[in-house]
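Sequence lines set the chain letters: A, B, ... in the order given, protein chains first and strands last, and positions in each chain run from 1.
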Protein chains: 2
Amino acid sequence: MGVTKTEHFTDTQNEMAILIKALAHPARIAIMEYLCEVNSCICGEIVNELPLSQPTISQHLKELKNAGLIKGTVEGTSICYCIDEKGIAKLQTYFNQFATQFLDKKQCC
Amino acid sequence: MGVTKTEHFTDTQNEMAILIKALAHPARIAIMEYLCEVNSCICGEIVNELPLSQPTISQHLKELKNAGLIKGTVEGTSICYCIDEKGIAKLQTYFNQFATQFLDKKQCC
DNA sequence: TCTTTTTATCGTAATATTGCAATATAATTA
DNA sequence: TAATTATATTGCAATATTACGATAAAAAGA
């Protein structure tokens, strides 16, 4: 066992799970908040900013990129990472819809 | 290693990571959506609804409850689970604030 | 009390995640 | 071309997650 049974859930549920899982780590939350905070697109400065090694940061960046939460543009020897609007929009929309639907129906508890 | 270095991040970042991680699985997303969909608070019906065993569902419910995303009320031999408004509100607020802050600052990519 | 029903917990196997040292790669500069 | 700089990848150890059979616990009814 130990493997998620994705085949039993809807495409949307699996897609949201992948997107949400990409943010389910404080380092990746910190990276996203840092990218949001700095106006310009800082690249390897994330390694200086966070208390994790360069390979670890690189791995977290890869996961965020795969999930569609950030974008990376090559600029010489360095890479310019920034937030991908679409990923954030998906999360925002999902939770807003969820909250709206929840508040519409009076729950019993 | 294999252990998250929580001590290096802010309390808010760690708290959001715990909350987000609780939703980072399609089964738990499906449980939340089911609880949101059914108007009344269904309990062990979740086991019939989802294609996972009773112990597995029970474990997922425990994680959602620990994270503050659902509440459970004992009703005789069964338990009535329903969505905890506060958890959902935290997620909604976080992503709305993030999106707002992001859109305010024109990013470079 | 003895069943029955419902949910939780234990134990365990399979797999995934986290983190980093070492190393590779790729673009720039001397 | 060689050295430098920036980032990615590999390999691995430690830990966490997922899933479920077996079993326990707790309340209700016979």
Side-chain angles (χ1 to χ4, degrees), chain A residues 1-9 13-14 17-31 34-35 40-67 70-82 109, chain B residues 1-9 13-14 17-31 34-35 41-67 69-82 109:
Chain A
M1 326 277 146
V3 65
T4 299
K5 294 191 155 184
T6 53
E7 69 274 17
H8 294 312
F9 304 102
Q13 284 167 345
N14 284 316
I18 288 170
L19 195 58
I20 292 171
K21 187 183 282 183
L23 262 187
H25 191 285
R28 293 194 290 273
I29 290 180
I31 290 172
Y34 181 68
L35 285 177
S40 59
C41 285
I42 305 303
C43 342
E45 292 206 9
I46 300 165
V47 175
N48 297 324
E49 187 70 15
L50 296 193
L52 293 170
S53 73
Q54 180 269 321
T56 304
I57 298 285
S58 184
Q59 196 172 277
H60 283 307
L61 287 170
K62 192 181 176 184
E63 286 178 61
L64 287 171
K65 197 178 166 193
N66 285 342
I70 62 173
K71 294 182 287 188
T73 323
V74 178
E75 288 196 359
T77 51
S78 56
I79 295 188
C80 176
Y81 280 110
C82 61
C109 307
Chain B
M1 325 281 146
V3 65
T4 299
K5 294 192 155 183
T6 52
E7 69 273 16
H8 293 313
F9 305 101
Q13 285 166 344
N14 285 317
I18 288 170
L19 195 57
I20 291 172
K21 188 184 279 183
L23 262 187
H25 191 286
R28 294 195 290 273
I29 289 179
I31 290 172
Y34 181 68
L35 285 178
C41 283
I42 305 303
C43 341
E45 293 206 7
I46 300 165
V47 176
N48 297 324
E49 187 70 16
L50 296 191
L52 293 170
S53 74
Q54 181 269 320
T56 304
I57 298 285
S58 183
Q59 197 171 276
H60 283 308
L61 287 170
K62 191 180 176 185
E63 286 179 60
L64 287 170
K65 197 178 167 193
N66 285 342
L69 283 165
I70 62 174
K71 294 182 286 189
T73 324
V74 178
E75 289 195 359
T77 50
S78 56
I79 294 187
C80 177
Y81 279 110
C82 61
C109 309

Exercise. So what does E45(A) hit on the nucleic acid, given a heavy-atom distance under 4.0 Å: a base, only sugar-phosphate, or nothing?
Worked result: nothing
Seminar exercise, completed: Of S58(B) and V74(A), the one whose nearest nucleotide on DNA chain C sits closer to the 5' end is S58(B)
For this session: Starting from C1' on dT17(D), measure out to NZ on K62(B) and report it in whole angstrom.
Result: 14 Å
Problem set entry | Atom of A22(B), atom of E63(B) and distance for their closest heavy-atom approach | CB-O, 4.3 Å
Exercise. Rounded to the nearest 0.5 Å, how far does CG of L64(B) lie from NZ of K71(B)?
Worked result: 14.0 Å
Problem set entry | Close side-chain approach of I20(B) and I29(A), heavy atoms under 4.5 Å | yes
Exercise. Can you name the nearest heavy-atom pair linking V74(A) to G76(A), along with the distance?
Worked result: CG1-O, 3.6 Å
For this session: Can you tell me the distance, in whole Å, between the CG atom of L61(A) and the C1' atom of dC20(C)?
Result: 16 Å
Exercise. Got L50(A) and H60(A) here, is their nearest side-chain heavy-atom distance under 4.5 Å?
Worked result: no
For this session: Taking only the side-chain heavy atoms of P55(A) (C-beta and beyond), determine which of dC20(D), dC20(C), dA8(C) contains the nearest atom.
Result: dC20(C)
For this session: Starting at atom CD1 of I18(A), determine the distance to atom P of dT17(C), rounded to an integer number of angstrom.
Result: 10 Å
Problem set entry | Distance-minimising heavy-atom pair for P26(B) and F9(A) | CB-CD1, 3.6 Å
Exercise. Which part of the nucleic acid, if any, lies within contact of L52(B), taking any heavy atom under 4.0 Å across all strands shown: a base, the sugar-phosphate backbone alone, or nothing?
Worked result: sugar-phosphate
Exercise. Starting at the 5' end of DNA chain C and moving along, which residue's nearest nucleotide shows up first, K65(B) or A27(A)?
Worked result: K65(B)
For this session: Would you mind reading off the distance between I57(B) atom CD1 and dT17(D) atom C1', rounded to a whole angstrom?
Result: 16 Å
Exercise. If you check every side-chain atom of K5(B), which of dC20(C), dA8(D), dA8(C) has the closest atom?
Worked result: dC20(C)
For this session: Specify the angle, to 10°, made by the local axes at the two ends of the helix from dT1(C)-dA30(D) to dA30(C)-dT1(D) when five pairs are taken at each end.
Result: 10°
Problem set entry | Listed nucleotide nearest any side-chain atom of T77(B), set dT17(C), dT7(C), dT6(C) | dT6(C)
Exercise. To the nearest Å, how far apart are I79(B) CD1 and dA27(D) P?
Worked result: 10 Å
For this session: Identify the heavy atoms of L52(B) and K5(A) that sit nearest to each other, and give their distance.
Result: CD2-CD, 3.8 Å
Problem set entry | Given DNA chain D, 5'-ward residue of the pair G76(B) and G44(A), judged by closest heavy atom | G44(A)
Exercise. When all nucleic acid strands are considered with a 4.0 Å heavy-atom cut-off, which category describes S78(A): base, sugar-phosphate, or nothing?
Worked result: sugar-phosphate
Problem set entry | Minimum side-chain heavy-atom gap I46(B)-L35(B) below 4.5 Å | yes
Problem set entry | Length of the line joining E63(B):CD and dT7(C):C1', which is rounded to integer Å | 16 Å
Problem set entry | Residue-phosphate contact under 4.0 Å: H60(A) side-chain N/O, dT17(C) OP1/OP2 | no
Problem set entry | Nearest-Å distance for atom pair CG/C1', residues L23(B) and dT17(D) | 16 Å
For this session: Tell whether Q59(B) reaches the base of dA8(C) with its side chain through a donor-acceptor pair below 3.5 angstrom.
Result: no
Problem set entry | Below 4.0 Å: OP1/OP2 of dG19(C) and any side-chain N or O of H25(A) | yes
Problem set entry | Below 4.0 Å: OP1/OP2 of dA8(C) and any side-chain N or O of Y81(B) | yes
Exercise. Nearest-Å distance, CZ (R28(B)) to P (dT17(D))?
Worked result: 9 Å
Problem set entry | No-H, no-angle donor-acceptor pair, Q54(A) side chain to dA6(D) base, under 3.5 Å | no
For this session: Output yes when at least one side-chain N/O atom of K21(B) is less than 4.0 Å from OP1 or OP2 of dT17(D), else no.
Result: yes
Exercise. Can you check whether T56(A) has a side-chain N or O nearer than 4.0 Å to OP1 or OP2 of dG19(C)?
Worked result: no
Exercise. Can you find a heavy atom in the side chain of I18(B) that is under 4.5 Å from one in the side chain of N66(B)?
Worked result: no
